[in-house]
Amino acid sequence: MARTTVVYLGGFGRSGSTLVERILGSATGWVNIGELVDLARSVAPRDELCGCGVRFSECELWTQVGEVAFGGWTPGVFERLARLQRDVARQRHLPRLLAARPPATGDLAEFHEAFSRIYAAVAQVSGCEVVVDASKGPAFGRALAMAPEVDLRMLNVVRDPRAVAWSWSRTVERPHTSAASADEMWRIPPHRSAAQWSALQGEMHAIALRQRDFARLRYEDFVADPLQALVAATAELGVLLEPGDLPSLDDGRIVLEPSHGLSGNPGRFRSGSVELRPDQRWVTAMPAKDRRVVTALTLPLLRAYGYRIARPEHASSASSASSGSSGSPEHPPTDPHRAQPSPVDRTHPVSQPGPKHAAAGGHPLVSAVIPTRGRPELLRETLATIVAQDYPGELEILVVHDREEMDLSLQELSRPGRQILPMVNSRTPGLSGGRNSGLLASQGTFVASCDDDDLWHPAKVSRQVEMLLADPALLSVGAGIRLLMGGDRGNVDWPAREAVVSHERLLQNRVKELHSSTLMTRRSAFDVVGLYDEELPFGYGEDWDWLLRASKAGKVGAVTEILADIRKDIPSWFRDRSLNTATALEYLLAKHPDLADARRGHARILGQIAAARAAAGERKQGAKIAFRALGRYPAAPHAWLALAVAGPGIEPRRLLTAARRLGRGLS
């Protein structure tokens, strides 16, 4: 029997192996089979669904595999396979398997013969050269690796154990038994999940010492750059795979063909266009107590794999969270089995600053996050002002390309203490996803946001760091701004009016000095407030939404002096997208019911919605909403501007100019 090349995915459940398996199985000349370990113990006895959507007994591929391997599937075949697995490949047998020397005899030799037949039959029926098995179990994989007819390459897929523990604590449907109904996959408490994760990864390390072809793939690296990560990992395994062999990645989505994967995550049923993004909900959704327990139980391997380590005293409140570091994700311990990451692919818990959080002189590391799309020249002007900051500490500048290729040439603008790190938005396309991608990849004690067309004054970072250090209760601070109006309209200076901005004031208006290009936020604040809302329609008002939540959770303030220039002479992404504005504002009204309690603020939002709908051609609807706004506050300027469009039919661009002359805007 010719040797069959098998890429075996080993690791702990809920670590992303199903997605890795599916993409590898879509490569030219590769086929994925799901979790073969469950074939005899659950799939066949229960006649569960194949990944193609039909029952195992009705699946054409698996029917042919049975014919080629054993002359057909029979109860006797499955009983034999199940017995061999129990007697040879259970976890309790791993020490014996690690100590075994070829040639195999007895049950182990019979195990090799039976499963080698299955792999060979899969390769023959599918016409593929490489079989991908996501069975995960170390003992099952080790037993297969010793089969003379199987050329097994072991790929250990590992994910941050805190993310894994949070996933195991959630309810996940298991649509295995029928296409119309679903039961639930079992759940594991966080402490048990952490202990099992550590034990299993310890077993994988033991196998790595005996396994010639072994590689390790971090899920976080994989999601940041799927194709490159898989090419690098398979290269370590000695299996030739080129990017062109894999499905193309377009705008964060990849097209997957239907597969014949057995058992495992329900993701095996998905086909067509699938969005790839890291699931980081655990960062804010996982209870702090559980996170601390899991961290403590997995600490040695967390360090070894380069994950951030939460400090034991860290609590989910702004006042108790402070800077600290106990790991180095930028320079993690060398792991010969780990695929090399892309330029920026650090995805870590939000609350933990990186290894350079306190540079020489005690100046905290500050991370600047700049989402960008389609404005390369303006972006370079923005970067020049950030690099030129007079702050004596270090700045980490993350440029997050949204729905466009990463521009590595931006790194040439770096200078000592001012490192520019291009990356791609690996989350939901748009501003919210871009800001979250940069935030989760950053390392600073403080995180500053900036749009790709605005400019910072040299003292901005210094003044804001001073304010945050002076008042530990402050979650986030803005600054005074200068509006660059362009043309003959001159500039408008807008100093911050007060050092602390109340929640009530934010309900009344957006507060210009808390513009997204002025905000600097304590990293730990995101543990309390959460990330930017990626469900917000079109990402409009994502900074205001976050501030509304932050001002409820703690203090929000501003440096009164003018520290940033905001371009108003450059078309906004939302210009000529009036319905986007209206839809997002309606979402925010529903999300923040207390907006309706602020009479003037409510009227302002209704007026903006009215103006946006009227400008989009919905003049009757716009007028109706405008009158509602005037009923709340008769002097609401946006409502009157909306009526000017809905009634006399003033051209929307003239409306926008008039609004700006009033010091307002339709956004």
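Worth saying up front: this structure is predicted, and the values here are computed from it rather than measured.
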Check: Is there a side chain to side chain contact (heavy atoms under 4.5 Å, CB included) between K568 and L484 once you walk through the steps?
Finding: CA-CA 5 Å; K568 291 297 183 181; L484 306 182; 5.9 Å; no

Check: Can you check whether M286's main-chain N or O pairs, donor with acceptor, with R291's side chain at less than 3.5 Å?
Finding: yes

Checklist line | Side-chain donor or acceptor of W640 paired with backbone N/O of P634 under 3.5 Å | finding: yes

Note to self: Using a 3.5 Å distance criterion without hydrogens, assess whether the side chain of K460 forms a donor-acceptor pair with backbone atoms of T518.
What the structure shows: yes

Notebook entry, point to check: Taking the side chain as C-beta and beyond, is there a heavy-atom pair between I370 and V400 under 4.5 Å?
Noted result: no

Next item on the list: Take R522 and L468 through the test side chain to side chain contact (heavy atoms under 4.5 Å, CB included) and record every step on the way to the result.
Entry: CA-CA 8 Å; R522 198 178 302 277; L468 286 164; 3.8 Å; yes

Notebook entry, point to check: Less than 4.5 Å apart, any side-chain heavy atom of M423 and any of S437?
Noted result: yes

Margin query: Just verifying a value: how many Å separate L439 CG and T521 OG1, rounded to the nearest 0.5 Å?
Written below: 9.0 Å

Check: Are any of the side-chain nitrogens in R463 or E466 under 4.0 Å away from the carboxylate oxygens of its partner?
Finding: yes

Notebook entry, point to check: Are any non-hydrogen side-chain atoms of V477 and L514 less than 4.5 angstrom apart?
Noted result: no

Margin query: Does R549 form a side chain to side chain contact (heavy atoms under 4.5 Å, CB included) with H592? I'd like the steps, not just the answer.
Written below: CA-CA 9 Å; R549 290 183 276 139; H592 301 279; 3.9 Å; yes

Item checked: cation_pi(R604, W544) dist<6.0 Å, angle<=45 -> yes

Next item on the list: Any chance you could measure I566, atom CD1, to E513, atom CD, to the nearest 0.5 Å?
Entry: 11.5 Å

Note to self: So, taking the atom named OG in S193 and the one named CZ in R187, what distance separates them when rounded to the nearest 0.5 Å?
What the structure shows: 13.5 Å

Check: L531 versus V283: any side-chain heavy-atom pair under 4.5 Å?
Finding: no

Check: Roughly how far, to the nearest 0.5 Å, is the CG atom of L595 from the CG atom of L548?
Finding: 5.5 Å

Margin query: Any donor-acceptor pair under 3.5 Å linking the side-chain atoms of W456 with those of Q389?
Written below: no

Next item on the list: Examine distances only and state if a side-chain atom of R497 and a backbone atom of V511 form a donor-acceptor pair shorter than 3.5 Å.
Entry: no

Next item on the list: Return yes if a side-chain donor-acceptor contact under 3.5 Å exists between H515 and D543, otherwise no.
Entry: no

Next item on the list: Please test Y587 against F538 for side chain to side chain contact (heavy atoms under 4.5 Å, CB included), starting from the C-alpha separation and ending with a verdict.
Entry: CA-CA 11 Å; Y587 174 93; F538 311 105; over 6 Å; no

Notebook entry, point to check: Is the backbone of D451 close enough, under 3.5 Å, to the side chain of S517 for a donor and an acceptor to pair up by distance?
Noted result: yes

Margin query: For the backbone of D452 and the side chain of T382, can you confirm whether one donor and one acceptor N or O come within less than 3.5 Å of each other?
Written below: yes

Item checked: SB check D533 K591 (cutoff 4.0 Å) -> yes

Next item on the list: State plainly whether the residues E498 and R505 are in salt-bridge range, i.e. N to O under 4.0 Å.
Entry: yes

Note to self: So does L585 get a backbone contact from the side chain of Q608, meaning a donor-acceptor N/O pair under 3.5 Å?
What the structure shows: no

Notebook entry, point to check: Does R628 make a cation-pi contact with Y633, if we ask for NZ or CZ under 6.0 Å from the ring centre and within 45° of the axis?
Noted result: no

Notebook entry, point to check: Looking at E586 and R613, does any basic side-chain N land under 4.0 Å from a carboxylate oxygen?
Noted result: yes

Note to self: I need the R482 CZ to I562 CD1 distance, nearest 0.5 Å.
What the structure shows: 5.0 Å

Next item on the list: With the side chain counted from C-beta on, respond yes when T372 and E404 share a heavy-atom pair under 4.5 Å apart, and no when they do not.
Entry: yes

Item checked: Under 3.5 Å donor-acceptor, Q419 side chain and S414 backbone -> no

Notebook entry, point to check: Salt-bridged, D454 to R567, with N to O below 4.0 Å?
Noted result: no

Notebook entry, point to check: Is D402 paired with R373 through a side-chain N to carboxylate O contact shorter than 4.0 Å?
Noted result: no

Note to self: Test your reading of the model: is there a side-chain donor-acceptor pair from S167 to the backbone of A163, 3.5 Å cut-off?
What the structure shows: no

Note to self: Can you see whether D597 engages H602 through a side-chain donor-acceptor pair at a distance of less than 3.5 angstrom?
What the structure shows: no

Next item on the list: Would you check if L379 and V399 make a side-chain contact, meaning some heavy-atom pair closer than 4.5 Å?
Entry: yes

Margin query: Donor-acceptor check, side chain of E534 to backbone of R427, threshold 3.5 angstrom: yes or no?
Written below: no

Next item on the list: Tell me yes or no: between the side chains of E220 and Y307, is some donor less than 3.5 Å from an acceptor?
Entry: yes

Note to self: Checking side-chain polar atoms at under 3.5 Å, does D594 have a donor or acceptor matched by the opposite partner on H503?
What the structure shows: yes

Next item on the list: Would you indicate whether the side-chain heavy atoms of W546 and S476 approach each other to under 4.5 Å?
Entry: yes

Margin query: With heavy-atom distances below 4.5 Å as the criterion, would you say the side chains of L641 and V645 are in contact?
Written below: no

Next item on the list: Classify the ring geometry between H363 and Y391 as parallel (under 30°), tilted (30 to 60°) or perpendicular (over 60°).
Entry: perpendicular

Notebook entry, point to check: Just checking, any donor-acceptor pair under 3.5 angstrom between side chains of D390 and S462?
Noted result: yes

Notebook entry, point to check: Quick one: do the S367 and R523 side chains pair a donor with an acceptor below 3.5 Å?
Noted result: no

Check: Which atom names give the shortest non-hydrogen contact between C450 and P371, and what distance separates them?
Finding: O-CD, 3.6 Å

